[in-house]
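What follows is a short report on a single structure.
Convention: sequence-line order gives letters A, B, ...; per-chain numbering from 1. As a basis for the values below, the full set of heavy atoms in this structure was taken, side chains included, without hydrogen atoms, waters or symmetry mates.
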2 protein chains.
Amino acid sequence: MATIKDVARMAGVSASTVSKYINGGHLRQENVESIRNAIDALDYRVNPFARSLKAQRSRSIGILLPDISAPFYGSVVMALDKCFREHGYHTLISCYGSNHGLERDNLSFLITNGIDGLIYIPEDLSADEFYELTGNFSIPTVQVDRIIQGVASDAVLVNNTDAVYQAVSLLVQRGHRRIAAITGPKSVFTAKERLVGYLRALSDHGILYDDALVISDENDFATGYRGFEALMAQLDRPTAIFTTNYDITIGLVTAAREQGVRIPEDLDIFGFDCVEICTMMKTPLPVVHQPEQEIGQTAAGYLIDRLEGYGGLPRTTRLECRIEPSGTI
Amino acid sequence: MATIKDVARMAGVSASTVSKYINGGHLRQENVESIRNAIDALDYRVNPFARSLKAQRSRSIGILLPDISAPFYGSVVMALDKCFREHGYHTLISCYGSNHGLERDNLSFLITNGIDGLIYIPEDLSADEFYELTGNFSIPTVQVDRIIQGVASDAVLVNNTDAVYQAVSLLVQRGHRRIAAITGPKSVFTAKERLVGYLRALSDHGILYDDALVISDENDFATGYRGFEALMAQLDRPTAIFTTNYDITIGLVTAAREQGVRIPEDLDIFGFDCVEICTMMKTPLPVVHQPEQEIGQTAAGYLIDRLEGYGGLPRTTRLECRIEPSGTI
DNA sequence: GCACAAACGCGAAACGTTTCGCGTATGCAC
DNA sequence: GTGCATACGCGAAACGTTTCGCGTTTGTGC
């Protein structure tokens, strides 16, 4: 494995000149050429550890999230990865599986591994814990999708409340008065916000809230599947159901179909996230679609700004969701 | 940020003694204690770059794959990430989006970033290209899910042929003679193998192959959805359809349902991968289920063995898929 | 052809760790 | 109390890069 000294020797210059060449300095034309030749001949590559040690930065970005196998997160991470790579950063991905201890440990692990910046989808850490783990290292952070109350960092969120408000309002316009909701854990930021949109829409349309119509459990298939059964077992059934997550939506629709319940004739459903699946149906299921690409791009942009020295106050972006199919409203 | 020298000074020992402590050497009890105290007091953490520079290894593993947002890959990566973390490695994940140029670039990028080992789900690289990019660095590699012909590395695959053979045989046992298949691109390793299983099952049961019944396109929802339409538009329709991928399965089922085609009464379907969705249906859709956890664990184990010095011949494991729901056969 | 300014390249030091060989302290047996 | 073997800690060197200040070369204007 060739070093910068080997290149310098072969090119007949000093190591510092080669370094200057690599890092974009101005050199005499003849030196440029001989260095380029030497690098090619030796197949020289900069040693990233020596560089990081000296320069005190690694050009690596930590991404800490609950679960990379969830399609929404997967898509966001794809977008992040692409943006960072295009700017010469690489990504260290770490999943904590909605486990509090692991969320702590993996955050600590990323920091210990010398990340320059952090993309963080939090779940169960307090502001105190976050600062305890990161405070002394003051790593630029962008929170994505959710935020920890009391942590002042850049953040990229979606406008959960408005999106859900629109969706539920649409169901009202279609004539529904008994509209149920199946959501994820109430302790999670996004579930809370989405519930607020639901409540506000009901209230603005003069519909009384009935807590028998709201089911909060895990963000998974089973919650949607069993939620359907629980709601339909009631005497005064809902005529429409709104969901707040990909897996819940699929579980719900699957259960409805199995029971021979026609959508939307017998039961109206408004889904979340699974736009590819839902919009290709003959009678497309309307869904709230979060802009994964845009989320990733915005978050990566914020972080890169910070890494390049931007020192302004923390910024928060609320990206708008789209209702799909777009002609629905 | 405290260094090892600060710790040494505070503990009243030399830096080399602290290093010995950190790396598990044997020290006098009083030194152990004063060093531990100093580390706590200063919140000292090893600088990973200095360590990597000196020790010539980074404890980082590259994972190169097409698309992290696909649920199957996502699950495998979750398992890999967990195993490596438990052994003190972290993962550098890089997606190339089924793009040949990116597959090259990202491989090169990972190597340039000093990974100790590589987990690789290949698609479109030749053995020559692979060796050109990695040869001089001889990085321990485990190929997963697919392999490049001519690259001799450890590999973890599933027994695609047998799994599909079983699935198609099951359809035959149920009385089907016209069994269609919808698969991914024929150039991809897994699609090829799965097609072999399909052909062999037909042949073993004395069924003539009809190439109008085989559709090969992308591994996506649209392929399944349109595949249904194309197959059902034929004069001599299939009575059963077999798929080889998650998205294709969902597309196919969605299309069938929209047309009011009853499964399995009107059309029998055998799906792939989407076990969570399919087994929760009232009449569970049988699927081939790949053992994502086991794949990840086995691959991580192989790589860790190599990193710890194992020098045996390349090993290949073929893991068995399961037919779900398990009582199907 | 000379003087000066600008451009450019060089060497040394530093980043924070691990490793290696050597020297000192320790403990044991007599 | 002495001698020896062992255990332990120390200092120095090395990993490969970037950076900084200084000295040399180059070019320009007269």
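In this structure, A:T3 does not reach the D:dG16 phosphate: none of its side-chain N or O atoms is under 4.0 Å from OP1 or OP2. OP1 or OP2 of D:dT18 has at least one side-chain nitrogen or oxygen of A:R51 nearer than 4.0 Å. OP1 or OP2 of D:dG9 lies within a sub-4.0 Å distance of a side-chain N or O belonging to B:N31. The side chain of A:T17 contributes no N or O atom lying less than 4.0 Å from OP1 or OP2 of C:dG9. Taking only side-chain nitrogens and oxygens, A:N23 comes nearer than 4.0 Å to OP1 or OP2 of D:dT18.
Using a 4.0 Å heavy-atom cutoff across all strands shown, A:I22 reaches no nucleic acid atom at all. A:Y44 comes within 4.0 angstrom of sugar-phosphate atoms only, judged by non-hydrogen atoms across all strands, and of no base.
Of the listed nucleotides (D:dT18, C:dT19, D:dC15), C:dT19 has the atom at the smallest distance from the side chain of B:S19. Among the nucleotides C:dC15, C:dT26, C:dG9, the one closest to the side chain of A:R28 is C:dG9. In the set C:dG16, D:dC10, D:dT19, the nucleotide with an atom closest to the side chain of A:K54 is D:dT19. Nearest to the side chain of B:A50, among D:dC8, C:dG16, C:dC8, sits C:dG16.
Side chain B:S16 to base D:dG11: a donor-acceptor pair is found below 3.5 Å.
Atom CZ of A:R57 sits in a sparse spot, with 12 or fewer heavy atoms from other residues, nucleotides or ligands closer than 6.0 Å.
C:dT18 atom C1' lies 13 Å from atom CG of B:N47, rounded to whole Å. Atom CE of B:M1 is separated from atom C1' of C:dT17 by 12 Å (rounded to the nearest Å). As rounded to whole Å, 13 Å separates atom P of D:dT18 from atom CD of A:Q56. D:dA14 atom P lies 25 Å from atom CZ of B:F49, rounded to whole Å. Atom pair B:R9:CZ and D:dG11:P shows a separation of 13 Å (rounding to whole Å applied). Look at CD1 on B:I4: it is 19 Å from P on C:dA14, rounded to the nearest Å. Note: NE2 (B:H26) to P (D:dC8) measures 5 Å, nearest angstrom. If you measure from atom NZ of A:K20 to atom P of D:dG16, you get 24 Å, rounded to the nearest angstrom.
Put simply, the side chain of A:E33 does not reach to within 4.5 Å of the side chain of A:R28, judged on heavy atoms. Side-chain contact between B:L80 and B:I119 is present, with at least one heavy-atom pair separated by less than 4.5 Å.
Under the 4.0 Å criterion applied to side-chain N and carboxylate O atoms, B:D154 and B:R306 are assigned as salt-bridge partners. Under a 4.0 Å N-O distance rule, the pair B:R318/B:E193 qualifies as a salt bridge.
Along DNA chain D, the nucleotide nearest to B:Q29 and the one nearest to B:L53 differ in position, and the one closer to the 5' end is contacted by B:Q29.
For the atom pair CD1 of A:I115 and OG of A:S60, the computed distance is 6.5 Å after rounding to the nearest 0.5 Å.
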